Amino acid sequence: MILPLMLWRMLHSQLWISLSRYRTTKGTNRIVDKGIEFDQVDRERNWDDQILFNAIIFYLGNKYFPGGSHIPIWRTDGVIITLLLHAGPVEFLYYWFHRALHHHYLYSRYHSHHHSSIVTEPSTSVTHPFAEHIVYFALFIIPVSTVVFTGTGSIIAIAGYITYIDLMNNMGHCNFELIPNWVFSIFPPLKYIMYTPSFHSLHHTQFRTNYSLFMPIIYGTMDKSSDTLYKISLQRKEETPNVVHLMHLTTPESIYHLRVGFPYLASKPYSSAWYLWLLWPVTLSFMMLTKIYRRSFVVERNQFHQLRLQTWAIPNFREQYHLKWQKESINNMIEEAVLEAEEKGASVLSLGLMNQGKELNRYGEVYVKKHPQLKVKLVDGSSLAVAVLLNSIPKGTTQVLLRGNLTKVAFAVAFSLCQKGIQVTVLHEDEYEKLDISLGTKSEGKLVISKSYSSCKVWLVGDDLTEEKQRKANKGTLFIPFSQFPLKNLRKDCFYHTTPAMQTPKALENVDSCEQNWLPRRVMSVWRIAGILHALEGWEEHECGYTISNIDKVWETCLKHGFHPLTVPTQSKS
């Protein structure tokens, strides 16, 4: 039973982590508003170490201790002994050990590691130095070892007690209040023998109060503001965003890279992990759930100055956007999200990834035409994408090759480059005709069609650039995507820039995950930034359909608010 118990503990803790992140993102009953950053995620990444450590000890006990194996499923006397020993010796010893840990000598050397997390998550509950883990295990093993040595142990008593410890630990650090007031109204003494998340949250914000383990009655450690914070947290309503960014899932495995999935995976750019294949039953179950739950859900919240930002996800995968029979269903979900954002009072909704496709919804224009009285402004971010692309092209460039599917951004970039006197080369007649019709005399003679592109060292590339086409590039070519998705880095002798994105300012709070799975830490896609700028400046027009805003104005506004361009690879390696 040790292996199933270990797996259950991991699943139990992960469910609490996901639930905590989802609830605190929505804001309902949230206790502490302060955000979480990458350093906390890194510090708490090994939250399952103590589960593995405990399992090893249990295996040794099972093998070498008398009565440690072949125990029955249930024994009433063992359950009673376990409860009494926890309420007595365990709570008593923990309290005094905890007080000792807050002495400056031990605190600075050990316990400060745990208290580095002011805003707690379930993973915070087991983030301790190894020496503390040993002492905690010695405390919590008192009831277990007693029932084992006395021959009164049972699987229910041991597994139930360990699950109780995990439950209370995770609940106490979840940062949202979930114990309803009617529970304490029915049985008032319960408040002295069971703590609440807000009770323990005070210990992390005030440090020298609420020292007890799970029973606040111990030595009267309850802070005077505990009841007040509990009531305030219970009354908190769902947070209303100022800006909503609407994205979608990319692959079935991308669920684990969401902020509400596995925090450590979400905190770094996507990399294939072998152990995710072991989770295929969970992955398959979630795919089935997306076919039932056909509406957007919140995955992230941020704060930028006075703006409340939220990211919502459409439960569709990238491949589904290429299926014509899915078009109506996807559009309906996007429309519902737009109307929900309107109802919640959001001023801007930005369309991310493939939620703004030309074939899907004409870059979001269909929603504006269908709802002409729409107050929330729809932003596709094309203007900022063009500005970032133009500023990513190395200085002194006289010629660029435009390859891939011609989108709204591609047309605008081609126009701007021609106006700057930079030659735009295309390879195919149909591409040239489309651009020539769009640009007309404004191309200034800089739009050319040519089968020879050996002199082109800068490629602006779209979604449908095949691997075969990529291999035809000359050595030292710089690939700059204007697409939503990055290229595969096939050439070691070439340079690859990221999809249009910028470095975020430090004022952006609660950033603990990487956007779109492939962007580096604290780097944000321009499609998301554009919505933030729209709200900051109070611009009243929609930026969707075939509308392009003033590119220079958007670029200057972006820099003014602290966003910085990313370093172009050729510049960093030259």
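Note that these values count all heavy atoms, side chains included, but never hydrogens, waters or copies made by symmetry. What you are looking at is a predicted structure, and each value in this text was computed from that prediction instead of being measured.
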For the side chain of [X] and the backbone of [Y], is there at least one donor-acceptor N/O pair under 3.5 Å apart?
X: K327; Y: E359; value: yes
X: H542; Y: L378; value: yes
X: T311; Y: V299; value: no
X: Y363; Y: D380; value: no
X: T425; Y: V448; value: no
X: N331; Y: L360; value: yes
X: S438; Y: K434; value: no
X: K457; Y: K475; value: yes
X: S416; Y: V413; value: no
X: R471; Y: L490; value: no

Can you list everything that forms a ring-ring contact (aromatic ring centres under 6.0 Å, His included) with [X]? Sequence neighbours excluded, please.
X: W312; answer: none
X: F297; answer: none
X: Y293; answer: none
X: H173; answer: H114, H200, H204

Would one find more than 12 heavy atoms of other residues, nucleotides or ligands at under 6.0 Å from atom NZ of K469? yes
Could you tell me which residues satisfy side-chain contact (heavy atoms from CB on, under 4.5 Å) with F262, sequence neighbours excluded, listed by chain and number? Q14, Y256, L265, L276, L279
Tell me, please, which residues at least two apart from T28 pass side-chain contact (heavy atoms from CB on, under 4.5 Å). R23, K26, E238
Decide whether [X] and [Y] meet the rule of one side-chain donor and one side-chain acceptor closer than 3.5 Å.
X: Q310; Y: T25; value: no
X: S233; Y: E177; value: no
X: R294; Y: S329; value: yes

Partner set under salt bridge (charged side-chain N to carboxylate O under 4.0 Å, His left out) for [X], not counting sequence neighbours:
X: R259; value: D512
X: E121; value: R21
X: R295; value: E340
X: K560; value: E537

Can you run down the ring-ring contact (aromatic ring centres under 6.0 Å, His included) pairs that involve residues 457-491, sequence neighbours left out, and say none if there aren't any? Y453-W459, W459-F479, F479-Y496, F485-W518
Out of the candidates V388, V554, V526, only one should pair with S383 under the side-chain contact (heavy atoms from CB on, under 4.5 Å) rule; please name it. V554
Stepwise, does the side-chain hydrogen bond (donor to acceptor under 3.5 Å, both in side chains) test hold for E541 with T547? CA-CA 10 Å; E541 70 277 2; T547 303; over 6 Å; no
Let's go through E37 and R522 carefully: what are the C-alpha distance in whole Å and the side-chain angles of both, what is the deciding distance for salt bridge (Lys or Arg N to Asp or Glu O under 4.0 Å) to 0.1 Å, and is it a yes or a no? CA-CA 10 Å; E37 303 296 331; R522 293 200 71 89; 3.3 Å; yes
Below 3.5 Å, can you tabulate the donor-acceptor pairs from side chains in residues 243-250 to any protein atom, sequence neighbours excluded?
{"unit_1": "H245", "atom_1": "ND1", "unit_2": "S350", "atom_2": "OG", "d": "2.8"}
{"unit_1": "H248", "atom_1": "NE2", "unit_2": "M354", "atom_2": "N", "d": "3.1"}
{"unit_1": "T250", "atom_1": "OG1", "unit_2": "N517", "atom_2": "ND2", "d": "3.3"}

Taking all atoms of both residues into account, what is the closest heavy-atom pair of S201 and I31, and its distance? OG-CG2, 3.5 Å
Could you report the tightest heavy-atom contact between P197 and L178, atom names first, then the distance? CG-CD2, 3.5 Å
Quick one: sort the W539 and H534 rings into parallel, tilted or perpendicular, breaks at 30° and 60°. perpendicular
